[in-house]
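The model shown is predicted, which means the values in this text are computed figures rather than measured ones.
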Amino acid sequence: MAVGGAAKVDEFVPFPVKDQHPGVDFCVSSSPPWPEAILLGFQHYLVMLGTSVIIPSIVVPLMGGGNVEKAEMINTLIFVAGINTLLQTWLGTRVPVVIGGSYAFIIPTITIALSTNSSTNVIFLSPRQRFKQSMREVQGALIIASFFQMIIGFLGFWRIFSRFLSPLAAIPLVILTGLGLYARGFSQLAKCVEIGLPALLLVVFISQYVPHMMKSWSSIYSRYAVLFSVAVVWAYAAVLTVAGAYNNKPPNTQLSCRVDRAGLIGAAPWIKFPYPFQWGGPTFKAGNVFSMMAACLVAVIESTGTIIAAYQYGSATHPPPSVFSRGIGWLGIGTLLDGLFGTGNGSTASVENAGLVGLTRVGSRRVIQIAAGFMLLFSVLGKFGAVLASIPLPIVAALYCVLFAYVASAGLGLIQFCNLNSFRTKFILGFSLFLGLSVPQYFNEYLLVSGHGPVHTRATWFNDVIQVIFSSPATVAIIVAFFLDCTHGRGHSTTRRDSGRHWWAKFRYYSQDTRTEEFYALPWNLNRFFPSF
């Protein structure tokens, strides 16, 4: 209370709830100038290369391939990723997400490769023939499994799920979409700490500290910190390689640290257009399809978490359930293209690129579409793309430490909609996050020690289904959080407000909020033919 005319002292009040993220330089529907947009698009292309190289590096040797097959698979994966990214940003959710490879499909692919290698006639095949035979089985499984995603997307099943999804249930999903990939971070960086650690320190320093020290150029450093860091540390790694610093080191150290050990530049063709069925006609086995369908489910769940992070950093409103469902349907189209072209992997929304949207504060979908153009260009110009894909993976892992953290923090941002003074809220958050980390840790450790998962029956496809689902932190977290949020305290009068459902109620249907049309309307007036509800 003011006394004697003294000015009233402001009391501390909570920060206001925002359904659009403040402080973003360019939102989903706006775009930076063309020169900046091209540089930012190239930066997104550079970031998505990591997963596009890591996955083929794991599965190609098991499928019987060498450096030539690995280079071809990487180029095909990036080429199809470019097509899928354009489809998703034009006709899908229209949020700034890159559609790339998914780690969820590695287990089914390895199972197919090992079963092919153990067949009786494989000893009569050359390594390339063995690779093609494995790839054709993967293609067949992906083609059939893709219809699962298309059905739950285009027929509206994911719309039903999204309508029941509250901010409280979405928090563990988004957090563990980012944190669940922690094994791809510092543990991979440490394989060559002399280049990985400088890359990590440099990207943090340039993106977080330099803008405050040089305010006139602050946006330049914050937006292009990844380009600056990669260029400097890659050059530093090249100097160490040329100077002979790794000449007498163990093979694994040389593979991680040297800039000339990826084997991609020499193996990649100068120009080659990937085309459907380039490995031959697909073959179909029912067991492979079921395990791939499990991977498709995980990809759908993890993509949903990534989309939620991306629309926040793009300063868009919460997408209506019909937009989520539309995006999942087009994700299924992307998985179908993966099977037709033979990428050896399925599609998901790229977590690292969603983190880059947060780092740069540029959520423009045009930037992502330009990145898709770079994917298409450099996957055809094989040698040029191979040079960029040869960046040592510890540098990529250093970027992941920052970018995955941004996605996890987007999940933390959803806490503003919930009542943290509620014990129900605390239990659901803590319990789902704990199990989301603990259960996959158990399944992965069991697989590493025993060579198979905790579920070990004669039906290999069933073992893979269980292993794939419960090895995904985001999937375990959303199963637990969604179930508890829909059942625990359901009849209590405060449950709806504690979960934050009332904040997303105005986005429950497409036409309820006027801003929805700005962010999520289809181009070329296609909403007339593909209405959203």
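Checked by atom type, the side-chain pair Y406/E352 shows no donor-acceptor distance below 3.5 Å. A donor and an acceptor atom, one from each side chain of T348 and E302, are nowhere located under 3.5 Å apart.
Ring-centre distance between F42 and F374: below the 6.0 Å cut-off. The aromatic ring centroids of F404 and Y182 lie 6.0 Å or more from each other.
Ring-plane geometry between Y313 and H21 is classed as tilted, the angle between the planes lying from 30 to 60 degrees on a 0 to 90 degree scale.
Both tests do not hold together for K132 against W279: distance to the six-membered ring centre under 6.0 Å, angle to the ring axis within 45°. A cation-pi arrangement is present between R184 and Y103 under the rule of less than 6.0 angstrom and at most 45 degrees off the ring axis.
Counting only heavy atoms from C-beta outward, the side chains of F443 and I466 approach each other to under 4.5 Å.
Of all heavy-atom pairs between G382 and N75, the closest is CA-ND2, 3.9 Å. Shortest non-hydrogen contact noted between P319 and F324 is O-CE1, 3.6 Å. Shown here for V174 and G411, the closest heavy-atom pair between the two residues is CG1-N, 3.4 Å.
For F284, the CZ atom is densely surrounded, since the number of other residues' heavy atoms within 6.0 Å is greater than 12. With a 6.0 Å radius and a threshold of 12 heavy atoms from other residues, nucleotides or ligands, F470 has its CZ atom at or below the threshold.
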**Asked** Do T283 and E137 pass the side chain to side chain donor-acceptor pair (under 3.5 Å) test, and can you show the C-alpha distance, the side-chain angles, and the key distance before you say yes or no?
**Response** CA-CA 5 Å; T283 55; E137 288 194 27; 4.7 Å; no

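With salt bridges taken as basic N to acidic carboxylate O contacts below 4.0 Å, one links E72 and K272.
For the ring pair (Phe, Tyr, Trp, His ring centres under 6.0 Å) condition, the pairs that include at least one residue of residues 60-81, sequence neighbours left out, are F79-F341.
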